[in-house]
Colleague: 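Would you mind keeping the following structure in view while I ask a few things?
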Amino acid sequence: MNATRHMTTTETRDNSFIAKRVFNAPQQLVFDAYTQPEHIRNWWGMEASTMLVCDVDLRVGGSYRYATEGDGYEVAFGGEYREITPPTRVVHTEFFDVPEYRDTISIVTVDFSDQGDGTTLMTMTIDYPSAEVMQMVLQTGMAEGMNVSFDRMDAHLRVMQQGPA
């Protein structure tokens, strides 16, 4: 197990990656921040990036696509929702939206667990098509990028809890 900032990561089996993060916010709020485009725009991607596309059709069989631009290049991800159980679980596919990786589809399961003290444990399990694909993704700095996004999500959750000004 590796502790990286506020996230604990674990590689299990030969093709799965697990990321856990505790957010100081109620379960429903964390679920909303993860699934609603008006919130996703505030935390997805790196700090220096700009969100270009944030399309979400939050229903089983619906799709999503996020695209950001930073340092002169665009990064896009997409997928399809397979299971949505508010406020406890979302299961979706994910692919890196470039031609050479579009067929490399992962299954992402995100569980939101109320910790009983006003905090929520988010457990994200990513099942890759193979160990080789997982290692390729990890070598891109994916875990650090997740940390940055989750730090930004944490900051946005604080804003969400303050309510409208």
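Computed from a predicted model, the values in this text were never measured in an experiment.
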Colleague: Backbone N or O of V133 within a donor-acceptor pair of the S130 side chain at under 3.5 Å?
Modeller: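 A pair under 3.5 Å: yes.
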
Colleague: Do the rings of F31 and F112 sit parallel, tilted or perpendicular, given the 30° and 60° boundaries?
Modeller: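 The rings of F31 and F112 stand perpendicular, inter-plane angle above 60°.
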
Colleague: Under a 4.5 Å cut-off applied to non-hydrogen side-chain atoms, are I40 and M51 in contact?
Modeller: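 Contact flag for I40/M51 side chains = yes.
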
Colleague: Calculate, to the nearest 0.5 Å, the distance between atoms CG and CD belonging to L121 and Q115 respectively.
Modeller: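 Interatomic distance, L121 CG to Q115 CD, rounded to 0.5 Å: 5.0 Å.
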
Colleague: List, by chain and then residue number, the residues other than I107 in its hydrophobic cluster (Ile/Leu/Val/Met/Phe/Trp/Tyr, side-chain heavy atoms under 4.5 Å); write none if there are no others.
Modeller: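 When side chains under 4.5 Å apart are linked, the cluster holding I107 also contains V91.
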
Colleague: May I have all residue pairs that pass side chain to side chain donor-acceptor pair (under 3.5 Å) and include part of residues 63-72, sequence neighbours excluded?
Modeller: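 Of all non-adjacent pairs touching residues 63-72, those that pass side chain to side chain donor-acceptor pair (under 3.5 Å) are Y64-H92, R65-D97.
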
Colleague: Quick one: closest heavy-atom pair of T88 and Q27, and the distance?
Modeller: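 What the structure gives for the nearest pair is CG2-NE2, 3.4 Å.
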
Colleague: Given 3.5 Å as the limit, does a donor-acceptor pair link the side chain of R41 with the main chain of P37, or not?
Modeller: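 Yes; at least one donor-acceptor contact below 3.5 Å.
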
Colleague: Going from CD on Q28 to CG on D114, what distance comes out if it is rounded to the nearest 0.5 angstrom?
Modeller: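 Result: 11.0 Å between the selected atoms.
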
Colleague: Does the T119 side chain pair with the main chain of A25, one donor and one acceptor, at a distance under 3.5 Å?
Modeller: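 Here the side-chain-to-backbone pair does not exist.
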
Colleague: Using only atom types and a distance under 3.5 Å, with no angle test, would you say the side chain of Q161 pairs donor to acceptor with the backbone of N24?
Modeller: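 Indeed, once roles are kept as given, a pair shorter than 3.5 Å links the two residues.
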
Colleague: So, taking the atom named CG in L29 and the one named CG in L157, what distance separates them when rounded to the nearest 0.5 Å?
Modeller: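 Going from the CG atom of L29 to the CG atom of L157 covers 5.5 Å.
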
Colleague: Kindly indicate, with the supporting measurements, whether the criterion ring-ring contact (aromatic ring centres under 6.0 Å, His included) is fulfilled by F95 and F77.
Modeller: CA-CA 6 Å; F95 60 86; F77 294 88; 8.7 Å; no

Colleague: Calculate, to the nearest 0.5 Å, the distance between atoms CG and CE belonging to N147 and M46 respectively.
Modeller: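 CE of M46 is found 9.5 Å from CG of N147.
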
Colleague: So, W43 side chain and A33 main chain: donor-acceptor pair closer than 3.5 Å or not?
Modeller: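 It does hold such a pair.
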
Colleague: May I ask whether M136 and M142 are part of the same hydrophobic cluster, defined by side-chain heavy atoms of I, L, V, M, F, W, Y residues being less than 4.5 angstrom apart, directly or through others?
Modeller: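 Yes: a chain of side-chain contacts under 4.5 Å links M136 to M142.
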
Colleague: Where the side chain of E94 meets the backbone of S106, is there a donor-acceptor pair that is under 3.5 Å apart?
Modeller: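 Not a single qualifying donor-acceptor pair exists.
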
Colleague: When rounded to the nearest 0.5 angstrom, what is the spacing between CD1 in I18 and CG in D127?
Modeller: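 Those atoms lie 8.5 Å apart.
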
Colleague: Looking at side-chain heavy atoms only, is the closest gap between V108 and M124 below 4.5 Å?
Modeller: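 Yes; the side chains approach each other to less than 4.5 Å.
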
Colleague: Taking NZ, NE, NH1 and NH2 as the nitrogens, is one of them in K20 or D111 under 4.0 Å from a carboxylate oxygen of the other?
Modeller: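 No salt bridge links K20 with D111.
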
Colleague: To the nearest 0.5 Å, tell me how far Y128 OH sits from L138 CG.
Modeller: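 Separation between the atoms: 6.0 Å.
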
Colleague: Locate the shortest heavy-atom distance separating N15 from M134; write the atom from each residue and the value.
Modeller: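 The answer is C-SD, 3.6 Å.
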
Colleague: For a side chain to side chain donor-acceptor pair (under 3.5 Å) with R21, tell me which candidate from T123, T120, D151 qualifies.
Modeller: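 Of all the options given, the one that passes is D151.
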
Colleague: Is there a chain of hydrophobic side chains (I, L, V, M, F, W, Y, each step under 4.5 Å between heavy atoms) that links F96 to Y73?
Modeller: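 Per the 4.5 Å side-chain linkage, F96 and Y73 are co-clustered.
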
Colleague: Below 4.5 Å, heavy atoms only, C-beta onward: do M153 and V30 meet side chain to side chain?
Modeller: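 The answer is yes; the side chains approach within 4.5 Å.
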
Colleague: Taking C-beta and beyond as the side chain, do F17 and M146 meet within less than 4.5 Å on heavy atoms?
Modeller: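 Touching, per the 4.5 Å side-chain cut-off.
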
